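In this text the structure is predicted, and so the values were computed from the model without any measurement. Lettering follows sequence order; numbering is per chain, from 1.
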Amino acid sequence: MYPFSKIEKKWQKRWDQLGSNKAQNFSKKPKYYALVEFPYPSGDGLHTGHVRSYTAMDVIARKRRMEGYNVLYPIGWDAFGLPTENYAIKTGIHPKIVTRKNTDTFRRQLRALGFSFDWDREVNTTDPDYYKWTQWIFLQFYKKGLAYKARMPINWCPSCKIGLANEEVIAGRCERCGTVVEQKEKEQWLLRITKYADRLLDDLNTVDYLDKIKTQQVNWIGRSEGAEIEFSIKGCKDKISVFTTRPDTLFGATYMVLAPEHKLVAAMKNEISNWREVKSYITKTSDKSEEERIAEGKEKTGVELKGIKAINPANKKEVPVFVADYVLVSYGTGAIMAVPAHDRRDWEFAKKHKLPAVMVICPNYPDKTCPVLREAYVGDGFLVGSGKFDGTPSEKAKWEVTKFVGGRKRVQYHLRDWIFSRQHYWGEPIPIIFCAKCGEVPVPEKDLPVKLPEVKKYQPTSTGESPLSSVKNWVNVKCPVCGGPAKRETDTMPNWAGSSWYFLRYTDPDNKKVLADPKKLKYWMPVDWYNGGMEHTTLHLLYSRFWNKFLYDIGVVPFSEPYKKRTSQGMVLGRGGEKMSKSKGNVVNPDSVVKTFGADTLRLYEMFMGPFDQAIPWDEKGLNGCSRFLGRVWEMAQKRVAKKITNPDLERALNKTVKKVGNDIESMSFNTAVSALMIFSNDCYRVETIPLEVWKKFLIILAPFAPHITEELWERAGNKKSINLEKWPVYNEKLLKEDKFELLVQVNGRLRAVILAKTGINEDGAKDLALRNENVKTQLGTRRVKKVVFVPNRLINFVV
RNA sequence: GGGCGGGUGGUGAAAUGGCAAACACGCAAGGUUUAGGACCUUGUGCCGCAAGGCUUGAGGGUUCAAGUCCCUCCCCGCCCACCA
């Protein structure tokens, strides 16, 4: 063991004094903006998952500095949020105080790990100087009509007493507390993210994100092209409008379904002869929790609206109309045309309710016979039973049929507008005032920030009102327009607000006049490399791209896409491969690891433990190996390094290592990079003395992973300047070439001999060499060689 | 049901179509210590005394050569989920 504790403290202090991690605005060096997701400073302290992500980007940031870049690697606190508020409710301590305490802990822990953050650029989303600009951005959304209030059913968590965005509802439960979510009608602020859906989708082509991240965003946005078609109702002037991606199957529509919440259902009350039955079905479904709906699985329930008939506009046939909860009011038009023959869900429902399935798409060419249906046929084919469209390929028929019945093309997204209201204390107040005379009035920009008032109780109310509503002297204000009595909006923003633009603030964290100086934004943006958790792909990542695009549109930021490159780390799991959690008692505290093994060992281990993008269970035994490795490096540096000697073998090995480590860092194959460093140190271990120049380069390429020990050894090797100021070594392609290689000799693809041969040997030479080998001779025997496969500098294979 | 990852030793895992198991953990034996989660050496996929044979979830195929490419299937993880 080496004195890691002393060394790590010494260098952390020294780096602060030197200011070596500070990013320089407008430096002539090329800029590099490396970003990690800023943590939510929870009371539990830093998690090993943070360490994994932050170490990875720290390795990259440190390498970039050595490559001559002016690096911005910032950190801050995403500090608004429920756990802090809940803690405040329980203890009565102000969230502000709790946040300060937690950020202090996080800061101490992050510093102890030697991350090369620029601590001068710390941001905190709960700082009024910061959230002033979060509110300012909201006002810009408002001015452009992209923030609007609507009364709508929202996902309501009865335990947290908060409205949730769709993204925050997981399998019908609250993402945070796991309580079953209810539907509740409420006035809500929404952001019109759907207006940006196409650009959020299309611009994915311009960025370098991992494919799985792109795919997830594409699926989440869920763009689908289809048609909107109207069905008239017999004896009634109302029409039922449906959205379908398969207008080509219109002739096969044998019934219709309305969502239970569809407005027409109640509107047609008087015409529905079995209204009582229908009403009871609707009540039953609205009482049903999402969970129950899922538990019922594929069992599709529904009730026919007796007395109501719709007309299929394609063939003018009368079709029955149902209400069924397998149709969602929130997607498309809230109503569907049902084509049992060509839709699995409709097939099931039809089977249960004994409704006819009429095949209108035949998979075979028009002249062939169609197969008998045993299940819905959802593929393409040719139209049959569709009047004049018979024989038309289904893809082509889509728009022809649409036109024929007077429908129109329509694009539908899975993405919904972003519900932006929360009924909580610990968030940014939404800067809107309601005046009896003037209506909705935005807070004038000069009055920002709208600061959170001091309150005694943080408890949310069961009526769904924010705790802010009880702070009378805060709520009651003069209308900024008419000066008359008015009231503030008491809802706050969701915890995703502050994190939707924080990367912009890092470029200019103290600016009092604008959210960031345009020149600084121009210099630093876009983020060159952003690493974070896969779980933020459809939330934070999409939201922040949306905000950035909006700010680009109003001329505040210079680039439409905020992040050039996005990668993701795998989760660090507990010992058995389970998620780390307090309740399971398998949480690893980085503090204790740093105390026992040192920060460098922890950093190295988190990089070595497995492929970076995969989830890996924690294993403290693995720490031993990394600790041992650094211990050996320490020993060797103290005793075995000498000036003025050379060792060509080691030099060649070093060259190889420089290349491998460099490439592996770029591809985030940190585990194999560390293994290459270990292999080289093993090579060194085998020789008596190690040339100083070779050793120095080794220290440099190890430094991004283990910055403290390498810095100390660097100093002990007689260097006056920090190792951070060294250049990343260049490998010599010539030196990589070896003059000999192991020629593999195969007979019928099976390895029979390994012969040392000269690099560059030709086929004849290799053949000669191989045929002289005894084992090869025996294997070949008297058999005739049919074919020889020769791979230069690798193998020769005799096929007999 | 859909999407995305995976399946290789006792464990974490490596492997541009070209020696499967690098590196590390663990284990075993020996050494050195004996306050050690210390250190060093050697060994370590399976069968076999050996020569040799077998081995990357299962089965087929392409190829001189397959963990890697193609087809059929099974299993596991994560995310989404009645999205018309």
Suppose we screen for side-chain hydrogen bond (donor to acceptor under 3.5 Å, both in side chains). Which residues come up paired with [X], at least two apart in sequence or across chains?
| X | result |
| --- | --- |
| A:Thr689 | none |
| A:Asp591 | A:Arg108, A:Gln109 |
| A:Ser330 | A:Arg416 |

Sequence neighbours excluded, the answer for salt bridge (charged side-chain N to carboxylate O under 4.0 Å, His left out) partners of A:Lys659 is A:Glu733
Considering every strand and a 4.0 Å limit on heavy-atom distances, what is the contact class for [X]: base, sugar-phosphate, or nothing?
| X | result |
| --- | --- |
| A:Gln412 | nothing |
| A:Leu795 | base |
| A:Glu535 | nothing |
| A:Val791 | base |

Can you tell me, in whole Å, how much space there is between the [atom1] of [N] and that of [M]?
| N | M | atom1 | answer |
| --- | --- | --- | --- |
| B:rA22 | B:rG12 | C1' | 14 Å |
| B:rU32 | B:rU68 | C1' | 46 Å |
| B:rG31 | B:rC25 | P | 22 Å |

>> Suppose we screen for side chain to side chain contact (heavy atoms under 4.5 Å, CB included). Which residues come up paired with A:Ser669, at least two apart in sequence or across chains?
In response: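 Per chain and number, A:Ser669 pairs via side chain to side chain contact (heavy atoms under 4.5 Å, CB included) with A:Asp664, A:Ser667, A:Asn671, A:Thr672.
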Subject >> Contacts of type side chain to side chain contact (heavy atoms under 4.5 Å, CB included), residue A:Ala653, not counting sequence neighbours >> reply: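 A:Phe680, A:Asp683.
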When you measure from the side chain of [X], which nucleotide among [options] comes out closest?
| X | options | value |
| --- | --- | --- |
| A:Tyr326 | B:rC64, B:rA84, B:rC82 | B:rC82 |
| A:Asn682 | B:rC23, B:rC79, B:rC19 | B:rC23 |
| A:Asn797 | B:rA65, B:rA84, B:rA24 | B:rA65 |

Assign each of A:Cys626 and A:Val329 the nucleotide of RNA chain B bearing its closest heavy atom; nearer the 5' end lies the nucleotide of A:Cys626
Contact string for nucleotides 42-57 of chain B, one letter per nucleotide 5' to 3', B = base within protein heavy-atom range under 4.0 Å, S = sugar-phosphate only, - = neither, reads -----------SS---
Scoring nucleotides 3-16 of chain B by protein non-hydrogen atoms under 4.0 Å (B base, S sugar-phosphate only, - none) yields SS-------BSS-B
Secondary structure of RNA chain B per the Watson-Crick/G-U criterion (both distances under 3.5 Å; [ ] crossing, | other strand, . unpaired) is (((((((..(((.....[....)))((((((.......))))))(((....)))..(((((..]....))))))))))))....
base_contact_polar (B:rC82 base, A:Lys300 side chain, donor-acceptor, <3.5 Å):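 Indeed there is one.
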Filtered N/O pairs between nucleotides 37-41 of chain B and protein, under 3.5 Å:
unit_1, atom_1, unit_2, atom_2, d
B:rC40, OP1, A:Arg632, NE, 3.0
B:rC40, OP1, A:Arg632, NH2, 3.4

Distance check needed: B:rC82 C1' versus A:His414 NE2, whole Å only.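 Whole-Å distance recorded here is 12 Å.
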Where does the angle between the aromatic ring planes of A:Trp220 and A:His414 fall among parallel (under 30°), tilted (30 to 60°) and perpendicular (over 60°)?
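Tilted.
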Mind checking whether A:Phe322 and A:His353 have parallel, tilted or perpendicular rings, split at 30° and 60°?
perpendicular
- request: Could you give me the CA-CA distance, side-chain angles and deciding distance for A:Phe597 and A:Tyr605, then say whether ring pair (Phe, Tyr, Trp, His ring centres under 6.0 Å) is met?
  value: CA-CA 10 Å; A:Phe597 293 97; A:Tyr605 171 62; 9.0 Å; no
task: Locate the shortest heavy-atom distance separating A:Val323 from A:Val257; write the atom from each residue and the value.
output: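 In this case the closest contact between A:Val323 and A:Val257 is C-CG1, 4.2 Å.
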**salt bridge (Lys or Arg N to Asp or Glu O under 4.0 Å): pairs with one or both residues in residues 594-609 of chain A, sequence neighbours excluded** =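 For residues 594-609 of chain A: A:Asp58-A:Arg603.
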Identify all pairs in which a protein N or O lies below 3.5 Å from an N or O of nucleotides 30-32 of chain B, and state each distance.
none

To the nearest 0.5 Å, atom CE of A:Met534 lies from atom OG of A:Ser568 at 5.0 Å
